[in-house]
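Read the numbers this way: they start at 1 and go in the same order the structure lists the ligands and their atoms.
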Amino acid sequence: MSSFEISTIQDRARVLLASLPGSVRLIAVSKYMPSERIRAAYAAGVRDFGESRVQEAIRKMTELEDLTDITWHLIGHLQSNKAKLAVRYFDWIHSVDSLALAQRLNRIVEVEKTSPQLCLQVKVRPDPNKFGWSISALKSEWPLIQACQHLKWRGIMTILPLGLTQPEIKAAFRQTQCLATELSSIPPEVSPLKELSMGMSNDYLLAIESGATMIRIGRRIFGDRPEPEDT
Ligand SMILES: *Cc1c(COP(=O)(O)O)cnc(C)c1O
(Lines give C-alpha, C1' and ligand atoms only; values in the text may rest on other atoms or scores of the structure.)
Protein backbone atom coordinates (compact mmCIF):
# COMPACT_ATOMS: atom_id res chain seq x y z
CA MET A 1 0.00 0.00 0.00
CA SER A 2 1.55 3.29 -1.00
CA SER A 3 1.85 6.12 1.49
CA PHE A 4 -0.09 8.26 -0.96
CA GLU A 5 -3.18 6.09 -0.62
CA ILE A 6 -2.89 5.99 3.15
CA SER A 7 -2.66 9.75 3.48
CA THR A 8 -5.54 10.24 1.03
CA ILE A 9 -7.75 7.99 3.14
CA GLN A 10 -6.75 9.88 6.27
CA ASP A 11 -7.52 13.23 4.69
CA ARG A 12 -10.88 12.12 3.36
CA ALA A 13 -11.91 10.58 6.66
CA ARG A 14 -10.83 13.66 8.61
CA VAL A 15 -12.70 16.08 6.35
CA LEU A 16 -15.83 13.95 6.42
CA LEU A 17 -15.81 13.51 10.20
CA ALA A 18 -15.34 17.24 10.73
CA SER A 19 -18.27 18.03 8.42
CA LEU A 20 -20.86 15.89 10.21
CA PRO A 21 -23.33 17.11 12.81
CA GLY A 22 -22.77 15.61 16.24
CA SER A 23 -25.99 13.59 15.95
CA VAL A 24 -24.63 11.53 13.05
CA ARG A 25 -22.34 8.54 13.46
CA LEU A 26 -19.96 7.82 10.61
CA ILE A 27 -19.63 4.14 9.74
CA ALA A 28 -16.70 3.66 7.39
CA VAL A 29 -17.60 0.78 5.09
CA SER A 30 -14.36 -1.17 4.74
CA LYS A 31 -15.67 -4.23 2.87
CA TYR A 32 -13.10 -5.78 0.49
CA MET A 33 -10.50 -3.31 1.80
CA PRO A 34 -7.30 -4.50 3.49
CA SER A 35 -6.68 -3.84 7.17
CA GLU A 36 -4.02 -1.19 6.47
CA ARG A 37 -6.73 1.04 5.06
CA ILE A 38 -8.83 0.56 8.15
CA ARG A 39 -5.80 1.61 10.21
CA ALA A 40 -5.54 4.77 8.12
CA ALA A 41 -9.16 5.76 8.78
CA TYR A 42 -8.72 4.85 12.44
CA ALA A 43 -5.73 7.18 12.67
CA ALA A 44 -7.97 9.96 11.35
CA GLY A 45 -10.43 9.37 14.19
CA VAL A 46 -12.94 6.89 12.74
CA ARG A 47 -14.04 4.29 15.29
CA ASP A 48 -17.00 2.62 13.52
CA PHE A 49 -16.40 0.22 10.64
CA GLY A 50 -18.93 -1.61 8.47
CA GLU A 51 -18.33 -4.98 6.85
CA SER A 52 -20.59 -7.00 4.60
CA ARG A 53 -19.20 -10.51 5.10
CA VAL A 54 -18.78 -12.28 8.39
CA GLN A 55 -15.62 -14.31 7.69
CA GLU A 56 -13.79 -11.46 5.99
CA ALA A 57 -14.63 -9.20 8.91
CA ILE A 58 -13.42 -11.69 11.53
CA ARG A 59 -10.08 -11.96 9.74
CA LYS A 60 -9.66 -8.18 9.87
CA MET A 61 -10.81 -8.01 13.50
CA THR A 62 -7.99 -10.41 14.31
CA GLU A 63 -5.46 -8.37 12.34
CA LEU A 64 -6.62 -5.21 14.12
CA GLU A 65 -6.85 -6.66 17.62
CA ASP A 66 -4.62 -3.91 18.97
CA LEU A 67 -7.25 -1.27 18.09
CA THR A 68 -9.48 -2.16 21.00
CA ASP A 69 -12.05 0.63 20.72
CA ILE A 70 -13.39 -0.15 17.24
CA THR A 71 -17.14 -0.72 16.96
CA TRP A 72 -17.88 -3.31 14.24
CA HIS A 73 -21.08 -3.14 12.21
CA LEU A 74 -22.41 -5.91 9.96
CA ILE A 75 -24.20 -4.28 7.04
CA GLY A 76 -24.47 -7.14 4.52
CA HIS A 77 -26.95 -10.00 4.21
CA LEU A 78 -26.47 -12.55 6.98
CA GLN A 79 -26.79 -16.21 6.05
CA SER A 80 -28.41 -18.23 8.79
CA ASN A 81 -25.42 -20.56 9.12
CA LYS A 82 -23.22 -17.58 10.04
CA ALA A 83 -25.66 -16.05 12.51
CA LYS A 84 -23.90 -17.43 15.59
CA LEU A 85 -20.52 -16.04 14.52
CA ALA A 86 -22.13 -12.68 13.76
CA VAL A 87 -23.63 -12.53 17.26
CA ARG A 88 -20.26 -13.30 18.81
CA TYR A 89 -18.18 -10.86 16.80
CA PHE A 90 -20.26 -7.84 15.83
CA ASP A 91 -21.40 -4.92 18.00
CA TRP A 92 -24.18 -4.02 15.58
CA ILE A 93 -26.10 -5.91 12.89
CA HIS A 94 -27.88 -3.49 10.55
CA SER A 95 -29.05 -6.13 8.12
CA VAL A 96 -31.67 -8.20 9.92
CA ASP A 97 -33.89 -8.71 6.91
CA SER A 98 -36.46 -11.41 7.68
CA LEU A 99 -38.59 -12.81 10.47
CA ALA A 100 -36.84 -16.17 10.16
CA LEU A 101 -33.46 -14.52 10.73
CA ALA A 102 -34.80 -12.50 13.68
CA GLN A 103 -36.17 -15.66 15.29
CA ARG A 104 -32.89 -17.47 14.76
CA LEU A 105 -30.92 -14.59 16.27
CA ASN A 106 -33.31 -14.62 19.22
CA ARG A 107 -32.53 -18.26 19.97
CA ILE A 108 -28.79 -17.69 19.57
CA VAL A 109 -28.74 -14.60 21.78
CA GLU A 110 -30.60 -16.46 24.51
CA VAL A 111 -27.87 -19.12 24.59
CA GLU A 112 -24.86 -16.87 24.01
CA LYS A 113 -26.01 -14.32 26.63
CA THR A 114 -24.71 -11.50 24.51
CA SER A 115 -26.51 -9.49 21.89
CA PRO A 116 -25.45 -7.02 19.25
CA GLN A 117 -27.61 -3.94 18.72
CA LEU A 118 -29.95 -4.59 15.81
CA CYS A 119 -31.59 -2.75 12.95
CA LEU A 120 -34.39 -3.94 10.72
CA GLN A 121 -33.52 -3.73 7.03
CA VAL A 122 -36.40 -2.23 5.11
CA LYS A 123 -36.96 -1.65 1.42
CA VAL A 124 -38.91 1.59 1.41
CA ARG A 125 -38.94 1.32 -2.38
CA PRO A 126 -39.42 -2.03 -4.15
CA ASP A 127 -36.07 -3.50 -5.20
CA PRO A 128 -35.87 -7.10 -6.44
CA ASN A 129 -32.06 -7.09 -6.01
CA LYS A 130 -32.09 -6.36 -2.29
CA PHE A 131 -32.98 -8.20 0.87
CA GLY A 132 -35.27 -6.67 3.47
CA TRP A 133 -38.87 -6.20 4.48
CA SER A 134 -41.32 -4.16 2.48
CA ILE A 135 -43.06 -1.57 4.63
CA SER A 136 -46.31 -3.51 4.64
CA ALA A 137 -44.64 -6.83 5.47
CA LEU A 138 -42.70 -5.25 8.31
CA LYS A 139 -45.85 -3.72 9.79
CA SER A 140 -47.71 -6.99 9.69
CA GLU A 141 -44.81 -9.00 11.15
CA TRP A 142 -43.87 -6.41 13.79
CA PRO A 143 -45.76 -8.16 16.64
CA LEU A 144 -43.88 -11.40 15.90
CA ILE A 145 -40.59 -9.51 15.70
CA GLN A 146 -41.27 -7.83 19.04
CA ALA A 147 -42.02 -11.25 20.49
CA CYS A 148 -38.32 -12.09 20.01
CA GLN A 149 -37.75 -10.99 23.57
CA HIS A 150 -33.98 -11.35 23.74
CA LEU A 151 -33.28 -9.01 20.86
CA LYS A 152 -32.33 -5.34 21.13
CA TRP A 153 -33.97 -3.43 18.30
CA ARG A 154 -32.42 -0.02 17.88
CA GLY A 155 -33.53 1.25 14.49
CA ILE A 156 -34.13 0.85 10.80
CA MET A 157 -31.61 0.43 8.00
CA THR A 158 -32.48 1.24 4.43
CA ILE A 159 -30.68 1.15 1.08
CA LEU A 160 -32.37 2.96 -1.79
CA PRO A 161 -32.45 1.61 -5.33
CA LEU A 162 -30.30 3.40 -7.90
CA GLY A 163 -31.75 5.95 -10.28
CA LEU A 164 -34.01 8.01 -8.00
CA THR A 165 -34.17 11.79 -8.30
CA GLN A 166 -33.16 13.97 -5.35
CA PRO A 167 -36.78 14.66 -4.31
CA GLU A 168 -37.53 10.93 -4.55
CA ILE A 169 -34.52 10.11 -2.40
CA LYS A 170 -35.57 12.62 0.25
CA ALA A 171 -39.14 11.36 0.24
CA ALA A 172 -37.93 7.78 0.69
CA PHE A 173 -35.67 8.72 3.61
CA ARG A 174 -38.47 10.70 5.26
CA GLN A 175 -40.72 7.70 4.89
CA THR A 176 -38.12 5.59 6.68
CA GLN A 177 -38.15 8.07 9.53
CA CYS A 178 -41.96 8.00 9.73
CA LEU A 179 -41.95 4.21 9.72
CA ALA A 180 -39.56 4.13 12.68
CA THR A 181 -41.77 6.54 14.62
CA GLU A 182 -44.91 4.60 13.76
CA LEU A 183 -43.51 1.19 14.74
CA SER A 184 -42.08 2.61 17.96
CA SER A 185 -45.53 3.77 19.05
CA ILE A 186 -47.23 0.40 18.60
CA PRO A 187 -47.82 -1.30 21.96
CA PRO A 188 -46.11 -2.78 23.89
CA GLU A 189 -43.59 -0.12 22.85
CA VAL A 190 -40.67 -2.22 24.06
CA SER A 191 -38.05 -0.73 21.84
CA PRO A 192 -38.04 2.79 20.44
CA LEU A 193 -36.39 2.64 17.02
CA LYS A 194 -34.19 5.70 17.44
CA GLU A 195 -31.49 4.90 14.92
CA LEU A 196 -31.89 5.55 11.22
CA SER A 197 -29.05 3.86 9.32
CA MET A 198 -29.35 5.44 5.90
CA GLY A 199 -27.19 7.30 3.43
CA MET A 200 -24.13 6.13 1.49
CA SER A 201 -21.40 7.97 -0.46
CA ASN A 202 -23.84 9.31 -3.05
CA ASP A 203 -26.81 10.27 -0.93
CA TYR A 204 -25.62 10.80 2.65
CA LEU A 205 -26.26 14.56 2.67
CA LEU A 206 -29.91 13.99 1.77
CA ALA A 207 -30.09 11.26 4.39
CA ILE A 208 -28.77 13.59 7.09
CA GLU A 209 -31.35 16.22 6.08
CA SER A 210 -33.98 13.54 6.56
CA GLY A 211 -32.88 12.47 10.03
CA ALA A 212 -30.17 9.85 9.52
CA THR A 213 -28.30 8.99 12.72
CA MET A 214 -25.84 6.59 11.08
CA ILE A 215 -24.38 6.96 7.60
CA ARG A 216 -22.51 4.14 5.87
CA ILE A 217 -19.73 5.52 3.70
CA GLY A 218 -17.35 3.38 1.66
CA ARG A 219 -15.99 4.87 -1.55
CA ARG A 220 -15.90 8.46 -0.35
CA ILE A 221 -13.32 7.40 2.23
CA PHE A 222 -11.53 4.38 0.79
CA GLY A 223 -11.83 5.02 -2.95
CA ASP A 224 -13.13 2.47 -5.43
CA ARG A 225 -13.43 -1.06 -4.14
CA PRO A 226 -11.62 -4.07 -5.58
CA GLU A 227 -13.82 -6.99 -6.60
CA PRO A 228 -14.70 -9.16 -3.60
CA GLU A 229 -12.65 -12.31 -3.18
CA ASP A 230 -14.74 -15.46 -3.38
CA THR A 231 -15.32 -17.05 -0.02
C1 LIG B 1 -21.17 -1.07 0.24
C2 LIG B 1 -22.23 -0.55 1.12
C3 LIG B 1 -22.23 0.79 1.57
C4 LIG B 1 -21.19 1.82 1.13
O5 LIG B 1 -21.43 2.24 -0.16
P6 LIG B 1 -20.55 3.44 -0.82
O7 LIG B 1 -21.32 3.78 -2.03
O8 LIG B 1 -19.21 2.86 -1.08
O9 LIG B 1 -20.51 4.54 0.18
C10 LIG B 1 -23.23 1.18 2.43
N11 LIG B 1 -24.18 0.33 2.85
C12 LIG B 1 -24.23 -0.95 2.46
C13 LIG B 1 -25.31 -1.83 2.96
C14 LIG B 1 -23.27 -1.43 1.58
O15 LIG B 1 -23.34 -2.71 1.18
Any N or O of Ile159 closer than 3.5 Å to N or O of ligand 1: no

For atom 15 (O) of ligand 1, closest protein heavy-atom neighbour: Lys31 NZ, 2.7 Å

Ligand 1 versus Arg225: contacting region, heavy-atom distance under 4.0 Å: side chain

Shortest non-hydrogen contact between Glu63 and Arg39, atoms and distance: O-NH2, 3.1 Å

Parallel, tilted or perpendicular: rings of His77 and Phe131 (30°, 60°): parallel

Ion pair check, Lys31 and Glu56, cut-off under 4.0 Å: no

Closest protein heavy atom to atom 5 (O) of ligand 1, given as residue, atom name and distance to 0.1 Å: Met200 CE, 3.7 Å

Option of least heavy-atom distance to atom 6 (P) of ligand 1 (set: Gly50, Ser201, Ser30, Ser95): Ser201

In one Ile/Leu/Val/Met/Phe/Trp/Tyr side-chain cluster, 4.5 Å: Leu101, Trp92: no

Closest non-hydrogen atom pair between Ala13 and Val46, with its separation: CB-CG2, 3.9 Å

Protein residue, atom and distance nearest to atom 12 (C) of ligand 1, heavy-atom basis: Ile75 CD1, 3.5 Å

Gln121 side chain to Ser95 side chain, donor-acceptor N/O pair below 3.5 angstrom: no

Check: Ala57 main-chain N/O paired with Trp72 side-chain donor or acceptor under 3.5 Å: no

Which of the ligand 1 atoms, numbered from 1, are nearer than 4.0 Å to a heavy atom of Ile217: 9 (O)

Nitrogen or oxygen atoms of Arg216 and ligand 1 under 3.5 Å apart: yes

For atom 7 (O) of ligand 1, the protein heavy atom that lies nearest, with its residue and separation: Arg219 NH2, 2.5 Å

